[in-house]
Amino acid sequence: MRLKRTVTCGQLTTKNIGEEVILNGWVAKNRDHGGVIFLDLRDRYGKTQITFNPDLDAKMADRAKRLGMEDVIAIKGMVTARPGGNVNANLPTGEVEVIVSELEVLNEAEPLPFLVSDRESGNEELRLEYRYLELRTSELQNFMKIRSRTYQSARRLLNAEGFMEFETPVLMKSTPEGARDYLVPSRIHQGKFYALPQSPQTYKQLLMIAGFDKYFQIVKCFRDEDLRADRQPEFTQIDIEMSFIDQDDIMGLATRVTQGIFKEVLDYQLPETFPVMDYHDAMEIYGSDKPDIRFELPLIEFATYAEKTEFSVFKDNLAGGGRVKALILKNAADHYSRKILDELTEWLKTYYGLKGLAFIKVEQGAFAAGISKFFSAELQTEIIGNLALKDNDIMFFVSDDEARTLQALGALRIELAKRENLIPETDIKPLFVTNFPLLDWDEDSQRYIAMHHPFTSPNPEDIELMTSDPGKVRARAYDLVINGYEVAGGSIRIHTRQMQSRMFELIGMDEEEANARFGFLLRAFKYGAPPHGGIAFGFDRLIMLLAGTDNIRDVIAFPKTTSAASLMDDAPSFVDEDQLRELHIKLME
């Protein structure tokens, strides 16, 4: 390469007029205006118009005419002002062009599978197969810039807070709890396996025991679980742990870090303090432990009214310990035809296991359609008055067990808000959700499991309930939620061997199993473990919010599909018999 760049394609302005420069980049556009060839040359910094004048060099202009999209070239030329009518106000370089005196073709590109200038010209599978081309698009170039700036911002902010940055092992002991581990067979230790970390949980606790009271790392984590749009099998966390603190200290730090990132990356000023909501209230009002508070539309307790109806579904569910909750959509009944209502019902049946979705509409001051016939005139008047219902309002009802009722109606709340354009897209509304249950009952295994993880400390006020009523014990756990996404989650940890052993017992892990899985941590607790706790930011999800996209694959350079496959390099792939033999593995037919 003889023409090594002296400036980038986003750098030149009128201040550079009269300078001779060398540019390197990709051909983004080629235009022939009566023999004068205009090219847009692109690199990650921007675009510059370069011009080949046949009066100056007819042979070179003819070569330029044959250049294709995404050919890689180098040029030397003089920076000049664009003629007045040709100024492009949309480009930082739009007032100048480079009159080319030398051209070097570095690499010719074959015809593209989709247009780099139009990301939507290829479907997602095709774009993932040629991800290196999709990464050239302006949208993904911007997302990667946001990701890079966020890395730097997080490090600056945490360094300013006195944190030390660590690396913890990627090959670790398998301690399955929650999602499935990704396992790595050992060639040297026959029949044994490492696991890829679901999080550095035990290592960061050991660092607290080692006396490093402020730890962080930006770390890769791995979980073999069912995927969705905001989840990947390998993902990145900003992992944080602190000693000699309480919950407010960690939430305060998380607030400052989040404020700093949004200010530095987006120049967006978040509120000075974030609201705090109890888990119970979040579920009852929003039907979600990660509520989107950018819009109203609360879930309404309807049991008192349901008991007065003649609707057997309500009565039977309430008698069996179930719930009846409602949503009111104002002035929108005419938007919901029978076809749309049936579609919503089928969606809730498919994804949330509901038997049905009930509704009524308000017309001429009374209930109409749906299950209106089960409400007496007197009850209708009472409900309309108490809930301030108006004509053209529609009310939806879900009645099932508590978990399904809240979850399904919470999902319906989001779906209706999207349909009715109730969500102010430019708003950013953070909040903390606290007082999660410590334990969750698992029907399949008929035992309690840790809702967060088994190292989470119980609320000191609920210690006695660990014996009498474990399901009511609150955890010293907290999530940071932004616009309906869990962006960070953490807890105060258990730091004594006695309490940790008691927690293991609650989740059905006997002493032998606890020592086999976590004996190293229990042993460490005997040597002066400080009170500690932490929080981990889902880095990819945070970037997704900063970038304004709803697909986590958009903000990861080389993501996997929802089936955990990489279409670009065909991973996972088969390996040959020699490799398997070295690892003492034989595949089952």
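This one's a predicted model, so the numbers in the text were calculated from it and none came from an experiment.
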*Do other residues, nucleotides or ligands put more than 12 heavy atoms under 6.0 Å from the NZ atom of Lys29?*
no

*Would you check, one step at a time, whether the test side-chain contact (heavy atoms from CB on, under 4.5 Å) holds for Glu486 with Arg541?*
CA-CA 8 Å; Glu486 178 196 333; Arg541 204 171 285 170; 3.9 Å; yes

*asked:* I'd like to know if the side chain of Asn142 and the backbone of Glu139 have a donor-acceptor N/O pair within less than 3.5 Å.
replied: no

*Rounded to the nearest 0.5 Å, how far apart are CZ of Arg127 and CG of Leu567?*
11.5 Å

*Backbone N/O of Ala254 and side chain of Thr258: donor-acceptor pair under 3.5 Å*: yes

*Thr93 (side chain) donor-acceptor with Lys47 (main chain) under 3.5 angstrom*: yes

*asked:* Please determine whether a side-chain nitrogen of the Lys or Arg among Asp181 and Arg223 lies less than 4.0 Å from a carboxylate oxygen of the Asp or Glu.
replied: no

*Flag if over 12 foreign heavy atoms under 6.0 Å of NZ, Lys192*: no

*Charged N to carboxylate O under 4.0 angstrom, Glu415 versus Lys418?*
no

*Answer yes when Asp239 and Lys204 have at least one side-chain N-carboxylate O distance shorter than 4.0 Å, and no when they do not.*
yes

*Stepwise side-chain contact (heavy atoms from CB on, under 4.5 Å) test for Phe520 and Thr202*: CA-CA 9 Å; Phe520 61 95; Thr202 53; 3.9 Å; yes

*Is a donor on one side and an acceptor on the other found under 3.5 Å between the side chain of Ser491 and the backbone of Arg493?*
no

*asked:* Between Asp554 and Arg119 (salt bridge meaning N to carboxylate O under 4.0 Å), is one present in this structure?
replied: yes

_Using 0.5 Å steps for rounding, measure from the CG atom of Leu253 to the CD1 atom of Ile245._
10.0 Å

_Using a strict threshold of under 4.0 Å (side-chain N to carboxylate O), is an ion pair present between Arg147 and Asp540?_
yes

*Full working for ring-ring contact (aromatic ring centres under 6.0 Å, His included) between Phe235 and Phe222*: CA-CA 7 Å; Phe235 56 96; Phe222 306 85; 7.9 Å; no

*Under 3.5 Å, is there a donor-acceptor pair between the side chain of Thr48 and the main chain of Cys9?*
yes

*How far apart are the closest heavy atoms of Pro113 and Leu126, and which atoms are they?*
O-CD2, 3.5 Å

*Could you walk me through whether Thr51 and Glu97 pass side-chain hydrogen bond (donor to acceptor under 3.5 Å, both in side chains), step by step?*
CA-CA 7 Å; Thr51 304; Glu97 62 183 348; 2.8 Å; yes

*Are the side chain of Ser566 and the backbone N or O of Asp570 linked by a donor-acceptor pair below 3.5 Å?*
no

*From Gln217 CD over to Thr236 OG1, what is the distance, rounded to the nearest 0.5 angstrom?*
11.0 Å

_For Lys65, is there an ion pair with Asp62 - N to carboxylate O distance below 4.0 angstrom?_
no

_Ile75 side, atom CD1; Leu39 side, atom CG - distance, nearest 0.5 Å_ = 9.0 Å

*Is any NZ, NE, NH1 or NH2 atom of the basic residue among Glu70 and Arg42 found under 4.0 Å from an Asp or Glu carboxylate oxygen of the other?*
yes

*asked:* For the CZ atom on Arg187, are there more than 12 heavy atoms of other groups (residues, nucleotides or ligands in this structure) within a distance under 6.0 Å?
replied: no

*Would the number of heavy atoms belonging to other residues, nucleotides or ligands and lying under 6.0 Å from CZ of Arg44 be above 12?*
no

*Taking the side chain from Asn16 and the backbone from Glu19, do they hold a donor-acceptor pair closer than 3.5 Å?*
no

_Flag side-chain contact, heavy atom, 4.5 Å: Val487 against Leu545_ = yes

*asked:* Would you say that Glu264 contacts Thr150 through its side chain, given a criterion of any heavy-atom pair below 4.5 Å between the two side chains?
replied: no

*Should we count CD of Gln141 as having more than 12 external heavy atoms under 6.0 Å?*
yes

*Are any non-hydrogen side-chain atoms of Pro54 and Val36 less than 4.5 angstrom apart?*
yes

*If you look at every heavy atom in Ala81 and Ile17, which pair is closest and at what distance?*
CB-CD1, 3.7 Å

*asked:* Please find the pair of heavy atoms, one from Pro291 and one from Met277, that lie closest to each other, and give the distance.
replied: CG-SD, 4.2 Å

_Quick check against the 3.5 Å criterion: does Asp224 have a side-chain atom that pairs as donor or acceptor with the backbone of Arg180?_
no

*Taking all atoms of both residues into account, what is the closest heavy-atom pair of Leu422 and Pro424, and its distance?*
O-CD, 3.2 Å

_Show the nearest heavy-atom pair for residues Val116 and Leu133, with the distance to one decimal._
CG2-O, 4.0 Å

_Side chains of Phe274 and Met251 in contact at under 4.5 Å (non-hydrogen atoms)_ = no

_What I want to find out is whether Arg31 reaches Asp40 closely enough, with some N-O distance under 4.0 Å, to be called a salt bridge._
yes

*When the ring centroid of Phe38 is compared with that of Phe52, is the distance short of 6.0 Å?*
no

*Where do Ala547 and Val555 come nearest, in terms of heavy atoms and distance?*
CB-CG1, 4.0 Å

*asked:* Check this for me: Phe193, atom CZ, are more than 12 non-hydrogen atoms of other residues, nucleotides or ligands nearer than 6.0 Å?
replied: yes

*Report the C-alpha distance between Gln237 and Phe537 in whole Å, list the side-chain angles of each, state the deciding distance to 0.1 Å, and finish with yes or no for side-chain contact (heavy atoms from CB on, under 4.5 Å).*
CA-CA 5 Å; Gln237 287 184 348; Phe537 285 79; over 6 Å; no

*Looking only at atom types and distance, does a side-chain atom of Thr456 sit under 3.5 Å from a main-chain N or O of His452, one as donor and one as acceptor?*
no

_Any non-hydrogen side-chain atom of Val481 less than 4.5 Å from a side-chain atom of Ile293?_
no

*Relative to the ring of Phe262, is the ring of Tyr268 parallel (under 30°), tilted (30 to 60°) or perpendicular (over 60°)?*
perpendicular

_Phe574 atom CZ, over 12 foreign heavy atoms within 6.0 Å_ = no

*Is the backbone of Glu343 close enough, under 3.5 Å, to the side chain of Glu346 for a donor and an acceptor to pair up by distance?*
no

*After noting the C-alpha distance and the side-chain angles of Cys221 and Gln198, does the key distance pass the side-chain contact (heavy atoms from CB on, under 4.5 Å) rule?*
CA-CA 5 Å; Cys221 302; Gln198 295 188 28; 5.9 Å; no

_Once rounded to the nearest 0.5 Å, what's the spacing between atom CD1 of Ile585 and atom CG of Leu580?_
6.0 Å

*Do the non-hydrogen side-chain atoms of Met69 and Asn30 ever get within less than 4.5 Å of each other?*
yes

*Establish, yes or no, whether the cationic atom of Arg413 lies under 6.0 Å from the six-membered ring centre of Phe295 and within 45° of the ring axis.*
yes

*Please work out whether the ring planes of His453 and Phe455 are parallel, tilted or perpendicular, with thresholds of 30° and 60°.*
tilted

*To the nearest 0.5 Å, how far apart are CZ in Arg136 and CH2 in Trp26?*
6.0 Å

*Do Ile73 and Leu41 come within less than 4.5 Å of each other through their side chains, counting heavy atoms only?*
yes

*Please tell me if the side chains of Asp479 and Lys290 come closer than 4.5 Å, counting only heavy atoms from C-beta onward.*
no

*Can Lys76 and Glu104 be counted as an ion pair, charged N to O under 4.0 angstrom?*
no

*State whether Phe163 and Lys214 meet the cation-pi test: NZ (Lys) or CZ (Arg) under 6.0 Å from the six-membered ring centroid, and within 45° of the perpendicular axis.*
yes

